[in-house]
Amino acid sequence: MSTDHVPEYPMPRAAGCPFDPPPLLKQLQEEAPLTPISVFGKPAWMITRYAGQRLLADPRLSSDVSRPNFQGSSPQLLPQDDRFGAGFIALDDPEHSRMRRMVTAPFTVKRVEALRPKVQSIVDRLIDDLLAGPNPADLMAALALPIPSLVICELLGVPYENHDFFQQNSLSLLDTTAGPADQLKAHSNLGSFLDELIGQKITNPGEDLLTDLAEQVRAGNLSRSEAAGNGLLMLVAGHETTANMIALGTLALLEHPDQFELLKKTDDPSAVGGAVEELLRYLNIAHKGRWRQVVEDIEFEGHTLKAGDNVVFANNIANRDPAVFADPDTLDLTRDARQHVAFGFGPHACLGQPLARMELKVVYHTLYHRIPTLRLAVPLEEIPFKHDATVYGVASLPVTW
Amino acid sequence: MKIIVDQDKCVASGQCVSSAPDVFDQREDDGIVVLLNDNPPAGLADDVRQAAALCPALVITIVE
Ligand code: HEM
Ligand code: SF4
């Protein structure tokens, strides 16, 4: 690989290809397993091949954003310096695992399956409302955002009436161009909101995750602001991600009518499950990569990743690696895509993945069966894509039927 | 086929339970992997291999 030109990251997608990663990433993947890049003007490494993503499980890599020179997906550090912190996503083991295990119980495959009838009834009701309301409508506002928001509110014990507040602040928090002041403000708004709720759960316990966190505070295992920080992490990660998979997934299907037909016709749960995995792989909405800092020198593909070096794992292009996925740029709902890394890999692999999978299976199976004539209400060129958001998707999706 | 799991490093992602529910379960209180059968019949071998390949924490080891 040539050393005279170091690619700048983040880099743009190709015009007119809203579902594909930046074309330069494909080239870097073909060239070498490890690439020196420049991130907002600072040197870092990038790993683009699928095989390299396994390094994410190596304990010599840190997610601790408070380490000197830690580089994340915003030009400036995400706001960690208010009292709530970023939760366990930004901590290393053993502290990370200690805190994560305090909240894993509701996300087991069995507990998530038990929640399915409730999710189904939420989806049914919102589709009833959509069909009874004006046509065309914005699918993002009518379904994609409310479904996961209602579910995560239920799990956490957050009153859904506050949805405008937490959805707006989550958008600002995840906007990499918002600037440090706005991001910090959004973060403290959300932190104070959760802190207050946890206070209420201490005196007035419910049967939800915030009550579990309040219990940990009472037992002296967590500080109150740590509890709020972890609650904030789950509230934001729990709705904004799945919402984008619902809206962007629907758009991808509308743009691939043959694949849309497959999903409309099937009642086979394993075919629907396979479609969910393929859409997760193909869209990889956590599109800014996984960011880590090397704690202890690591030999990787003939190079030394030195302590203090920053590394970006480009899971979006890894999910398009032809060594693992044949014809990787084709959306093929019938392929076995289960080994994708759209939920990350290693100790920080997505906590909510069983929940996200179940929600998406219910939505993708129900929505297109009930509204088979669903189509875009505006040309594709008019759809606002969120290129600068940490979680990729559309700001709105005008549809008609 | 013999299976070993490392509960200390498990991240409770549930990928093993989805792949091979007769072989893997999760603890109720924290979702950590529980091995139901450390020597499953040949008919389940493919599912177990799938589970090991999908485990994001690389904690499932198969000793053929
Ligand atoms: C389709 C939807 C989703 C996608 C694509 C997604 C993606 C991801 C990714 C890529 C990571 C890894 C972060 C890293 O490597 O540092 C992650 C972590 C996380 N996700 Fe998700 N996620 C989704 C849904 C959810 C849901 C529904 C929840 C519900 C609570 C959730 C909660 C979390 C949490 C708490 C973490 C941090 C885990 C840790 O650091 O140990 N996610 N997610
Ligand atoms: S797949 Fe791995 S990390 Fe996930 S529950 Fe099973 S053993 Fe644990």
Side-chain angles (χ1 to χ4, degrees), chain A residues 50-51 53-59 88-89 93-94 96-114 212 215-216 269-270 273-274 276-277 280 290 313 315 324 336-358 361, chain B:
Chain A
Y50 180 88
Q53 308 300 309
R54 303 216 140 206
L55 189 62
L56 277 165
D58 195 303
F88 54 81
I89 196 168
D93 286 343
H96 157 263
S97 148
R98 188 181 77 86
M99 288 194 189
R100 176 168 165 140
R101 286 182 181 199
M102 292 176 186
V103 296
T104 38
F107 297 100
T108 62
V109 171
K110 276 186 189 150
R111 289 273 299 272
V112 163
E113 260 325 295
D212 295 347
E215 279 299 319
Q216 299 286 355
S270 79
V276 168
E277 300 304 325
L280 285 163
R290 325 303 342 130
F313 290 82
N315 53 333
V324 180
D336 182 356
R338 285 178 293 178
Q339 70 275 39
H340 67 73
V341 283
F343 288 120
F345 197 81
H348 292 276
C350 182
L351 166 77
Q353 51 182 299
L355 177 63
R357 288 190 159 100
M358 183 271 281
K361 280 188 265 193
Chain B
M1 169 181 270
K2 183 128 179 59
I3 311 169
I4 304 166
V5 294
D6 181 350
Q7 291 182 318
D8 288 343
K9 285 207 236 127
C10 169
V11 299
S13 70
Q15 287 284 69
C16 53
V17 180
S18 303
S19 304
D22 295 330
V23 180
F24 302 97
D25 198 357
Q26 290 174 281
R27 289 201 302 237
E28 242 175 64
D29 53 340
D30 61 6
I32 299 309
V33 62
V34 179
L35 206 46
L36 298 174
N37 182 350
D38 68 357
N39 194 1
L44 294 177
D46 282 348
D47 292 347
V48 171
R49 270 187 216 103
Q50 177 76 31
L54 294 187
C55 172
L58 298 175
V59 304
I60 303 172
T61 312
I62 299 171
V63 193
E64 294 287 340

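Chain A is the first sequence line, chain B the second, and so forth, proteins listed ahead of strands; every chain is numbered from 1.
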Could you tell me whether the side chain of [X] and the main chain of [Y] form a donor-acceptor pair under 3.5 Å?
{"X": "A/T104", "Y": "B/D30", "result": "yes"}
{"X": "A/R100", "Y": "B/V11", "result": "yes"}
{"X": "A/Q339", "Y": "B/A53", "result": "no"}

Problem set entry | Part of B/E28 lying under 4.5 Å from any heavy atom of chain A |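 Answer is backbone: N, CA, C or O of B/E28 sit under 4.5 Å from chain A.
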At their closest point, which heavy atom of [X] faces which heavy atom of [Y], and how far apart are they?
{"X": "B/K9", "Y": "A/R101", "value": "N-NH2, 4.2 Å"}
{"X": "A/V109", "Y": "B/Q26", "value": "N-OE1, 2.9 Å"}
{"X": "A/A349", "Y": "B/P56", "value": "CB-CB, 3.5 Å"}

For this session: Kindly indicate whether the side chain of A/K110, heavy atoms from C-beta on, has any atom under 4.5 Å from the side chain of B/D25.
Result: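 Touching, per the 4.5 Å side-chain cut-off.
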Exercise. Are B/Q15 and A/Q353 close enough, and set up right, to give a side chain to side chain contact (heavy atoms under 4.5 Å, CB included), and what steps lead you there?
Worked result: CA-CA 9 Å; B/Q15 287 284 69; A/Q353 51 182 299; 3.9 Å; yes
Exercise. When rounded to the nearest 0.5 angstrom, what is the spacing between NE2 in A/H340 and CG in B/L54?
Worked result: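 These two atoms lie 8.5 Å from each other.
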Problem set entry | Atom pair OG/CZ of B/S18 and A/R338 - distance to nearest 0.5 Å |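 B/S18 OG to A/R338 CZ: 9.5 Å, rounded to 0.5 Å.
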Problem set entry | Which of A/G346, A/P354, A/A57 touches chain B most, by non-hydrogen pairs under 4.5 Å |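 Looking at each option in turn, the highest pair count goes to A/G346.
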